[in-house]
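Okay, so here's the structure we're looking at.
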Amino acid sequence: MSTFVDEATDSVKFVIKRNGEKVTFELSKMKNAILKAMESIDKVDEEMVEKIARSSEITLYRNPSHIPHVDEIHDIVEDRKSTRLNSSH
């Protein structure tokens with residue numbers, strides 16, 4: 001059975017793009033998107049970017065047979081970002 005999580009490396013394997021294409025998941029792309037969002041509100045914090053990305057990735061692990069859509073990942077990241085930024089005040 002092909003799963004969303006690579007058990008050997010404990011990392012996410014795939015994501016479904018908006019055009020329906022299944023591609024390899026890249027945590028670095030998630031981190032870059034989080035960083036850009038933080039830059040847009042002048043709250044850049046590299047440590048926070050890492051925490052948000054890892055927290056979001058852990059949430060994605062909860063269903064290893066499910067390949068998420070990028071919009072689903074976006075929603076998870078937004079939730080983690082707002083939770084982390086609000087708690088840092």
Side-chain angles (χ1 to χ4, degrees):
M1 178 176 111
S2 177
T3 64
F4 168 63
V5 176
D6 182 341
E7 293 174 11
T9 62
D10 197 32
S11 62
V12 178
K13 292 196 308 188
F14 301 108
V15 62
I16 304 297
K17 293 174 55 172
R18 286 186 176 95
N19 67 4
E21 180 183 7
K22 182 171 99 172
V23 296
T24 303
F25 175 82
E26 297 178 48
L27 185 62
S28 62
K29 287 186 177 185
M30 181 189 293
K31 289 179 185 179
N32 287 337
I34 295 166
L35 182 59
K36 286 180 184 180
M38 293 179 87
E39 288 171 346
S40 74
I41 59 170
D42 294 324
K43 291 193 180 218
V44 177
D45 179 340
E46 295 288 336
E47 184 178 331
M48 188 66 68
V49 169
E50 184 69 29
K51 287 179 181 179
I52 293 168
R54 289 293 174 192
S55 175
S56 299
E57 190 177 32
I58 287 167
T59 299
L60 293 171
Y61 289 156
R62 290 188 181 146
N63 186 354
S65 62
H66 172 69
I67 300 173
H69 190 274
V70 292
D71 290 332
E72 182 180 347
I73 294 171
H74 178 265
D75 291 345
I76 290 168
V77 169
E78 284 297 313
D79 179 63
R80 296 301 175 277
K81 185 175 69 179
S82 63
T83 299
R84 293 272 183 182
L85 292 176
N86 289 333
S87 69
S88 68
H89 291 141

Exercise. Only counting residues at least two apart or in another chain, list the ones meeting salt bridge (Lys or Arg N to Asp or Glu O under 4.0 Å) with Glu50.
Key: Lys31, Arg54

Practice problem: Rounded to the nearest 0.5 Å, what's the gap from CD on Glu72 to NE2 on His66? Could you check? | Solution: 3.5 Å

Quiz prompt | Atom pair CD1 (Ile52) and CD (Glu47), whose distance is rounded to the nearest 0.5 Å | solution = 11.0 Å

Quiz item: More than 12 foreign heavy atoms under 6.0 Å from NE2 of His74: is that the case here?
Solution: no

Quiz prompt | Shortest non-hydrogen contact from Ile73 toward Val15 | solution = CD1-CG2, 3.3 Å

Practice problem: Taking all heavy atoms of Lys17 and all of Val70, pick out the closest pair and write down the distance. | Solution: CA-CG1, 4.0 Å

Practice problem: Measure the spacing between CE of Met30 and CD1 of Ile76 and express it to the nearest 0.5 Å. | Solution: 7.5 Å

Practice problem: Take Glu39 and Lys36 through the test salt bridge (charged side-chain N to carboxylate O under 4.0 Å, His left out) and record every step on the way to the result. | Solution: CA-CA 5 Å; Glu39 288 171 346; Lys36 286 180 184 180; over 6 Å; no

Practice problem: Write down the atom of His69, the atom of Arg18, and the distance for their closest heavy-atom approach. | Solution: NE2-CA, 3.7 Å

Quiz prompt | Euclidean distance, Asp45 CG relative to Lys51 NZ, rounded to 0.5 Å | solution = 7.5 Å

Quiz prompt | CG-CG distance between Asp75 and Asp79, expressed to the nearest 0.5 angstrom | solution = 9.0 Å

